Amino acid sequence: MASEWEIVVGLEVHAELATATKLFCGCPNRFGDEPNTNVCPVCLGLPGSLPVLNEHAVELAIRLGRALHCDVRPSVFSRKNYFYPDVPKDYQISQYDLPINVDGWLELPSGLRVGIERAHLEEDTGKSIHVGGGGRITEAGHSLVDYNRSGVPLLEIVSRPDMRSAEDARAYVSELRAVLVATGVSDARMEEGSLRVDANVSVRRPGEPFGTRCEIKNLNSLRSLGRAIDHEARRQIALLEAGEPVVQETRHWDEDDGRTHTLRSKEEAEDYRYFPEPDLVPLAPDADWIARVDAELPPLPAERRARLAEAAGGVPTTGAVAIAVDRGLDDLAVAAIEAGADPGRVLTHVEHNLTMEGAASLDPVKLAALVKMEVGGELTATQAKTVLAEMVETGDDPAAIAKAKGFEAMSPEALAAAVDEVIAANPAEWERFVGGDDKTRGKLTGFFVGQVMKATRGKADGKAVTALLRERAGA
Ligand code: ADP
Ligand code: ZN
Ligand code: MG
């Protein structure tokens, strides 16, 4: 079933900007404060109050726009009119037909380039909390509203429908989050609501035009995002295969029952009666401002991955390269490789052995020295891992740590002798090893390596032992 259908996904992401104050007033932009303490007449929508645009929010909007390769355009704020208790003015100030950023793209670690339609500025709403009835509005006893979030600056980042799976969508959100954090535009914490995702999902048979989409709300983790897209695609495929149409609507993801439910249909969709905000002038950042933002952009994750991959010289380890950048270990890895360390081994350490805190401040020259000891056969992979952990903790030289731990090199002769002794001590197993098929051999390799490790108190190199066993068995 799955192979006959293609999933199409476009995402709308809301990111709260990391400004000190709100978008149109001087109230603090801070998460987690006592409810309704960071408020004033402007963000409470009191009559006669007027908005004043926060310059730093505009700077951050331009910064993200440029990081996503968008054109920064003259833009206009508009009123989006609707009634809801957490929107005290009865309208939200947003950008509509003239957004600040248009036509960009974001490149994912897989190489997929997802188009960015627009990334516009708007204010956040307050936060409603429904008390009782499991937090559902229809069953709650009463509702509370916190206006601390009212007027917090947001960027709404709208992708083109360029993703083809739940995995693409998750990778897109991870990458976007990495860009938001790297540029200091947002702390992008899904669990605190400073990054929120709505997913538009449709299905089609490959080659056909796009199908009718549904928009899914309430995705507050990468896991929910992936599950909701897969569930929604299956629901649509089942409908189409039963000869029924998909109806365009907004659906709500229910994490508990693992399904999406109708929220409102296209017919019930609100008409927001947008019109230009009369209390704000059009926004037209000049070329110098944009050029300065460009010049100050930090290296972005995609660039950093490319730089490490190039330093690694075509070692086929895309996964490890992405992980290195994710954990902020790419500068270390590049410097260690430039200091002469084997790229493959450096990336293996980054991926598997440098997961502890403080790993990024490791001295790359010392990391290179460790890798050289390992490649030269002075340390086994297991010993190298132990030494590395201590290097991160103490900052000491690998040679000194290895010596203190008694990790002397085993000569090839000593290793061969140890292997031969273990073979002689286990004749029945050896016979099965020599005469066995790949599977038996595989199992018995583990046994023999274990015995040699025991005999040498962990000093033997497992790979070298395996090679010797094969050689002795004449394979
Ligand atoms: P609207 O005008 O209702 O906001 P847009 O055309 O701007 O709709 O699209 C909103 C989001 O839906 C975008 O992220 C876009 O990529 C996505 N989208 C549009 N068409 C489809 C489709 N057929 N399948 C999946 N996603 C879609
Ligand atoms: Zn305020
Ligand atoms: Mg749109």
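Bear in mind the structure is a predicted one, so any value in this text is a computation, not a measurement. Sequential numbering from 1 along the given sequence is applied to the chain's residues. Computed over heavy atoms, backbone and side chain alike; hydrogens, waters and symmetry mates excluded. For ligands, and for the atoms within them, numbers begin at 1 and follow the listed sequence.
Using cut-offs of 30° and 60° on the angle between ring planes, the pair Y82 and Y272 is perpendicular.
Donor-acceptor pairing under 3.5 Å is recorded for the side chains of W253 and E255. A donor-acceptor contact closer than 3.5 angstrom is absent between the side chains of W5 and Q236.
Contact check on R305 versus E107 returns no salt bridge, with no Lys/Arg side-chain nitrogen under 4.0 Å from an Asp/Glu carboxylate oxygen. In summary, R73 and D71 engage in a salt bridge, as defined by a charged side-chain N under 4.0 Å from a carboxylate O. We find that R149 and D33 are not joined by a salt bridge, their nearest charged nitrogen and carboxylate oxygen being 4.0 Å or further apart.
Counting heavy atoms closer than 4.0 Å to ligand 1, residue E117 contributes side-chain atoms (C-beta onward) but none from N, CA, C or O. By the criterion of a heavy-atom distance under 4.0 Å, both the backbone and the side chain of N200 are placed next to ligand 1. Contacts with ligand 1 closer than 4.0 Å are made by side-chain heavy atoms of R213 only, the backbone lying farther away. When heavy-atom distances to ligand 1 are checked against a 4.0 Å cut-off, L11 comes that close only through its backbone atoms N, CA, C and O.
The distance criterion of under 3.5 Å between nitrogen or oxygen atoms is not met by V201 with respect to ligand 1. Taking any N or O of V9, backbone or side chain, none lies under 3.5 Å from an N or O belonging to ligand 1. Between E12 and ligand 1, no pair of N/O atoms sits closer than 3.5 Å.
Within the structure, the closest approach of R204 to ligand 1 does not fall below 4.0 Å when heavy atoms are considered.
Geometry about the Zn ion (ligand 2) gives an angle of 110° between SG of C27 and SG of C25, rounded in steps of 10 degrees.
Those atoms of ligand 1 that come under 4.0 Å of a heavy atom in V158, given as number and element, are 13 (C), 14 (O). Every atom of ligand 1 with a heavy atom of F210 under 4.0 Å away is listed here by number and element: 23 (N). Below 4.0 Å from some heavy atom of S159 lie the following atoms of ligand 1, by number and element: 13 (C), 14 (O), 15 (C), 16 (O). Below 4.0 Å from some heavy atom of G211 lie the following atoms of ligand 1, by number and element: 23 (N).
Of all the heavy atoms in C27 and N38, the pair that sits closest is CB-O, 3.7 Å.
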- prompt: Can you list the steps and then say if L11 with L225 is a side chain to side chain contact (heavy atoms under 4.5 Å, CB included)?
  reply: CA-CA 10 Å; L11 298 179; L225 173 68; 4.2 Å; yes
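A 4.5 Å side-chain heavy-atom check between D124 and R196 finds at least one atom pair inside the cut-off.
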